[in-house]
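Here's the structure, in structure tokens; my notes come after.
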Number of protein chains: 2
Amino acid sequence: MGRSRGFDIDDALDAAVRTFWEHGYEASSMQTLCDAMRVQPGSAYAAFGPKRALFVAALRRYAETVSADAVRRITTPVSGLQGLRDYFDHLIEAMVDGNRRWGCLITNSLVEFAERDPELAGLVGLHLANLRAAFEAALARAAAAGELRPGAGPEAAALLVAVAQGMNVLAKSRPGRAPLRAIVDATLAGLVA
Amino acid sequence: MGRSRGFDIDDALDAAVRTFWEHGYEASSMQTLCDAMRVQPGSAYAAFGPKRALFVAALRRYAETVSADAVRRITTPVSGLQGLRDYFDHLIEAMVDGNRRWGCLITNSLVEFAERDPELAGLVGLHLANLRAAFEAALARAAAAGELRPGAGPEAAALLVAVAQGMNVLAKSRPGRAPLRAIVDATLAGLVA
DNA sequence: CCTATATTTGGCGGACCGTTCAACAAAAGG
DNA sequence: CCTTTTGTTGAACGGTCCGCCAAATATAGG
């Protein structure tokens, strides 16, 4: 019993995700975060613990929503090649129009945290491994269907992960649709039959 | 006339480069920077101005030394394809052994600064355009020499920039040599004849 | 209703941040 | 030598940061 919480945990977490996503960890003060979450500092600390714990929760939320949605685009289509196209097409649109103009929270976190927080870096590494596995499966499907040029296969997953990370970096310079298209087209041109 | 400076500007700048490179901008306090530069705060402010100006100077220094060295590996060999190989081979070694285990200061800066400092983002954009131009020239040379598969040409420069940025991100998770090799091999496999 | 419990409030404290300044030291010109 | 000019020193400033807490508030159960 007792007083019930006056805000929704996931709503607050989504606000924290947006703040961390846009400004990064250090540049997001607890003040700013609390304003975005519409919650007072005391309530935030009661619900999430200190800032780092809030960030971990936000990162998990991001992985379960934004990132999982993106990965699903790779795995859903029966055609492996179509899965790759869907993923990258959506990526481009979200970078031009949507919230991926801030890049990717996972990518940003790796850059900002890798040197000083090995535990957090490991968590990021898990999500990157997920993405890589999805790419590998799609490439295997595509190869089996004869959609790839001879010699191309699942080992190209490493390349696709690198390209995605590179695009996440370049997205922060707010490029137009064309430069991003060029990256994807050149990538796939080297893979398809 | 007057007292001469007791430290070398470029040496201090190199120390600042290392600090910013390893820890990022926000996580590098003036205290830490002054310790690394072996200089007192007053002297640092007299020589470089406020923190942001020191960072700009450090970024320029990085571009003129580390980055210029890397780009030179692309442009120097007469064989365009060999230029690409030299660049990426050196990148891999520096990521495993050398100071590129901290990624790339330019990449890191784009991720950390793009949202809040358009001027700095523009400066980073210039350096990326440099890299892109070097890739384009190398690809043109390679195509003219028949080193590339039909259809591959200078427009693949966008891909190479993205792959380089992606590797700079992934380097922060301290991968072994093999995963990095796989990225480069898959990239070039899609380009060469 | 009243009591027990959980949440919210709003501000406080100690630490660290970037920056400045007056006192001091040293080198160059005469 | 002395004067002038520049660089160095290291403490200290105001401001912001994160994290916390006692009082006030609201809910659920009896």
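So you know, we letter chains A, B, ... as the sequences are listed, proteins then strands, and number each from 1.
- The side chain to side chain contact (heavy atoms under 4.5 Å, CB included) test with R60(A) is passed by exactly one of L123(A), T65(A), L13(A): L123(A).
- Here dC17(D) presents its P atom at 9 Å from NZ of K51(A), a figure rounded to the nearest Å.
- A salt bridge is absent between E93(A) and R100(A): the closest approach of a Lys/Arg side-chain nitrogen to an acidic carboxylate oxygen does not fall below 4.0 angstrom.
- A heavy atom closer than 4.0 Å to some atom of DNA chain C occurs in no member of residues 108-119 of chain A.
- Considering Y62(A), F48(A), W21(A), F113(A) as possible partners of F55(A), the one that fulfils the ring-ring contact (aromatic ring centres under 6.0 Å, His included) test is F113(A).
- Of the listed residues (T75(A), D69(A), T76(A)), just one forms a side-chain hydrogen bond (donor to acceptor under 3.5 Å, both in side chains) with R72(A), and that residue is D69(A).
- One can place CD1 of I9(A) at 15 Å from P of dA6(C), the figure rounded to the nearest angstrom.
- Applying the salt bridge (Lys or Arg N to Asp or Glu O under 4.0 Å) definition to pairs two or more places apart or across chains, those involving residues 26-38 of chain B are E26(B)-R116(B).
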Nucleotide by nucleotide, nucleotides 20-30 of chain C touches protein heavy atoms under 4.0 Å in the pattern (B base, S sugar-phosphate only, - none) BB---BBBBS-
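- By the neighbour-count criterion of 12 heavy atoms within 6.0 Å, atom CD of Q31(A) is sparsely surrounded, having that number or fewer from other residues, nucleotides or ligands.
- F7(A) comes within 4.0 angstrom of sugar-phosphate atoms only, judged by non-hydrogen atoms across all strands, and of no base.
- Residue pairs that meet the side-chain hydrogen bond (donor to acceptor under 3.5 Å, both in side chains) test with at least one member in residues 145-154 of chain B, sequence neighbours left out, are S79(B)-E147(B).
- If you take CZ of F48(B) and C1' of dT8(D), they are 14 Å apart, rounded to a whole angstrom.
- Legend: side-chain hydrogen bond (donor to acceptor under 3.5 Å, both in side chains) pairs involving residues 181-193 of chain B, not counting sequence neighbours, sorted by first then second residue: D89(B)-R181(B).
- A donor-acceptor contact under 3.5 angstrom links the side chains of D86(A) and Q82(A), judged on distance only.
- By the 30° and 60° cut-offs, the orientation of the rings of F135(A) relative to Y87(A) is perpendicular.
- Taking every heavy atom of residues 11-40 of chain B and every atom of DNA chain C, pairs under 4.0 Å involve S28(B), S29(B), M30(B), by number.
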